[in-house]
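Counting starts at 1 for both ligands and their atoms, in listed order. The shown structure was predicted, so the numbers you read here are calculated from the model rather than taken from an experiment.
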Amino acid sequence: MKKFTDEFTNQFENRELQRDEYLNESDHLIYCTKCHTPRQGRYTLQGRVFMPPIRCKCQQEIYDQEEAKRKLSEKQAEIERMKASGLQDKSLYDYTFEKDTGINPEMHLAHKYLENWDDMKARSSGLLLWGDVGTGKSFFAGCIANALLEKGVPVLMTNFPRILNTLSGMHFEDRNQFIDSLNRYSLLIIDDLGIERNSEFALEQVFNVIDSRYRSKKPLIVTTNLTLEELNNPADMAHSRIYDRILERCAPIRINNRNIRKDNASANLQEAKKILLQ
Ligand SMILES: [Zn+2]
């Protein structure tokens with residue numbers, strides 16, 4: 001037994017010294033010439049001495065840095081994957097707070113929603129962003145989507161024409177599975193409610209998506225050109241059961257103070273005029 005231990009110990013002790021190593025006379029361990037900390041440990045287990053290689057201080061620092069870099073790039077890759085899945089329309093990548101021109105006075109509510117995200121999520125509270133065409137509702141919702149995705153929260157921003165297109169090509173059994181899959185996202189954003197077809201099939205599927213989301217108790221954000229008046233007074237039962245569920249969980253915010261697209265156009269026109277007059 002003694003012989004085995006000696007052989008085992010020697011196996012490590014006798015390893016060839018690297019150029020930046022020396023054998024410390026006081027503890028007979030291999031040390032690093034740069035940081036003067038050991039590159040060998042010494043452990044005794046059931047009478048046996050083990051002297052495995054360990055990282056010296058400077059090796060450990062390099063290791064930690066590389067590990068942190070690897071974790072960061074893994075996290076970034078994960079966020080990119082989540083964005084690719086959650087932001088189906090590439091133009092949504094640009095809907096960020098950094099691009100906010102400050103034209104929309106309601107934008108502070110988007111920041112507020114994010115600040116209180118944990119609470120909103122726990123209460124399954126969403127938003128109903130309504131107002132005229134071109135007032136920045138999608139931008140408002142897109143900023144929330146991007147900010148949450150950056151934090152690693154799964155978000156899907158989509159619209160009913162896209163969902164209906166997918167559902168119409170599916171077998172009946174697969175539809176529920178697809179609708180359930182939308183609830184894997186912590187936040188679902190339906191952009192432009194009301195632009196979808198009004199067919200029986202469409203209304204049925206819109207209800208199924210909204211109802212499934214409602215039952216999942218996960219938040220939903222809806223943007224729409226419909227007025228709150230229209231949502232509160234639906235034309236028929238098919239619409240009322242959809243709108244009721246939305247109004248129960250989504251806090252209405254009117255977004256209509258300035259017409260952003262119109263302002264953009266006039267700014268463009270100003271620029272064009274300037275160029276032409278030069
Ligand atoms: Zn070292």
Side-chain angles (χ1 to χ4, degrees), residues 1-100 107 110-122 142-157 181 183-189 218-219:
M1 197 63 194
K2 177 88 175 62
K3 194 167 175 286
F4 175 78
T5 306
D6 287 345
E7 269 173 17
F8 199 87
T9 307
N10 285 341
Q11 198 185 326
F12 287 104
E13 272 181 348
N14 291 342
R15 82 164 164 87
E16 226 173 282
L17 289 177
Q18 304 292 311
R19 240 190 253 171
D20 59 346
E21 290 176 344
Y22 63 93
L23 193 68
N24 190 324
E25 293 297 324
S26 61
D27 58 9
H28 301 283
L29 292 175
I30 294 172
Y31 273 63
C32 166
T33 53
K34 272 182 267 165
C35 65
H36 302 288
T37 63
R39 284 195 180 164
Q40 251 187 334
R42 179 186 279 120
Y43 309 101
T44 310
L45 189 68
Q46 294 178 327
R48 289 194 215 166
V49 178
F50 297 91
M51 296 171 74
I54 59 167
R55 291 181 202 103
C56 68
K57 202 171 153 239
C58 50
Q59 282 176 335
Q60 186 64 44
E61 276 167 10
I62 292 168
Y63 178 84
D64 288 345
Q65 277 169 14
E66 278 169 2
E67 195 63 359
K69 231 193 273 170
R70 191 185 59 77
K71 279 194 184 137
L72 189 71
S73 76
E74 226 170 58
K75 201 180 146 200
Q76 272 160 352
E78 174 62 18
I79 288 172
E80 285 314 309
R81 272 196 296 277
M82 279 171 51
K83 275 191 184 174
S85 129
L87 304 176
Q88 297 171 335
D89 188 342
K90 290 287 163 275
S91 65
L92 296 175
Y93 279 67
D94 287 335
Y95 291 5
T96 61
F97 288 121
E98 294 79 55
K99 301 253 165 79
D100 181 17
M107 278 305 281
H111 289 278
K112 236 342 154 356
Y113 187 81
L114 285 167
E115 282 162 27
N116 295 286
W117 165 245
D118 290 335
D119 197 20
M120 294 293 121
K121 196 176 146 195
C143 286
I144 291 176
N146 274 294
L148 286 176
L149 282 163
E150 285 295 336
K151 284 205 276 181
V153 177
V155 179
L156 175 65
M157 185 159 174
S181 77
N183 294 328
R184 285 205 294 265
Y185 296 90
S186 301
L187 177 65
L188 175 65
I189 301 175
K218 285 183 178 175

Nearest non-hydrogen partners of Lys218 and Ser186, listed with the distance = CB-O, 4.1 Å

Could you give all pairs that pass the ring-ring contact (aromatic ring centres under 6.0 Å, His included) test and reach residues 76-99, with sequence neighbours left out?
-> Tyr95-Phe139, Phe97-His111

Partners meeting salt bridge (charged side-chain N to carboxylate O under 4.0 Å, His left out) with Arg19 (sequence neighbours left out) | none

For residues Leu92 and Asn146, report the shortest heavy-atom separation together with the two atoms involved.
-> O-ND2, 2.9 Å

Checked the Zn ion (ligand 1): protein N, O or S atoms closer than 2.8 Å come out as Cys32 SG, Cys35 SG, Cys56 SG, Cys58 SG

Inspect the contact between Arg81 and Glu78 and indicate whether a charged nitrogen and a carboxylate oxygen are less than 4.0 angstrom apart.
-> yes

Hits for ring-ring contact (aromatic ring centres under 6.0 Å, His included) against Tyr22, two or more places apart or cross-chain, chain-then-number order -> Tyr31, His36

